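We number each residue from 1, following the sequence as shown. Computed from a prediction, not measured in an experiment: that's the story for all the values here.
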Amino acid sequence: MEVRRVRMQDGEDGGDTPGRSTSVITRTKPKTKKPSLYRVLLLNDDYTPMEFVIHILERFFQKDREAATRIMLHVHNHGVGECGVFTYEVAETKVTQVMDFSRQHQHPLQCVMEKK
């Protein structure tokens with residue numbers, strides 16, 4: 001907190017001391033906290049083609065072919081895989097984009113987000 005003493009001119013503060021009055025002005029700096037982060041996850045299913053999952057990772061998560069293939073195989077072998085970590089609004093948007101795109105192409109792929 002910053003404290004500054006300000007000398008006022010005669011009578012401006014309504015005080016009884018002519019010519020010498022003091023006021024205190026305080027300024028507080030707002031504390032900013034980092035936003036919560038959310039993991040975006042793909043869930044495995046037995047119907048969505050592997051190539052489609054790779055396409056999702058490249059298109060919506062800007063993964064290169066190698067990284068997308070690695071994540072897709074992790075989802076396939078472990079049932080779930082992380083696509084990225086984002087702020088709430090970005091994660092929510094990515095989940096919606098993936099789910100909408102999957103439905104448009106008639107795939108049951110599930111995408112969820114969880115707080116990190």
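In this structure, Cys111 and Lys94 have side chains that are not in contact, with every pair of non-hydrogen atoms separated by 4.5 Å or more.
Within 6.0 Å of the NE2 atom in His76, the count of heavy atoms belonging to other residues, nucleotides or ligands does not exceed 12.
Note that CD of Gln110 is 11.5 Å distant from CG of Asn44, once rounded to the nearest 0.5 Å. Rounded to the nearest 0.5 angstrom, His55 NE2 and Ser102 OG are separated by 10.0 Å. Note: Arg39 CZ to Lys116 NZ = 7.0 Å, rounded to the nearest 0.5 Å.
What you find for Cys83 and Lys63 is that their closest heavy atoms are O-CE, 3.2 Å. Across His107 and Pro49, no two heavy atoms sit closer than the pair CE1-CD, 3.2 Å.
Here Glu92 pairs with nothing under the salt bridge (charged side-chain N to carboxylate O under 4.0 Å, His left out) rule; sequence neighbours left out. For Arg70, the side-chain contact (heavy atoms from CB on, under 4.5 Å) criterion is met by Glu66, Ala67, not counting sequence neighbours.
Formation of a donor-acceptor pair under 3.5 Å by the Gln62 side chain with backbone atoms of Arg59 is found in this model.
Other cluster members for Ile71: Tyr38, Val40, Leu42, Met50, Phe52, Val53, Ile54, Ile56, Leu57, Phe60, Phe61, Met72, Leu73, Val75, Phe86, Tyr88, Val90, Val95, Val98, Met99, Phe101, Leu109, Met113, joined by side-chain heavy-atom distances under 4.5 Å among Ile, Leu, Val, Met, Phe, Trp and Tyr.
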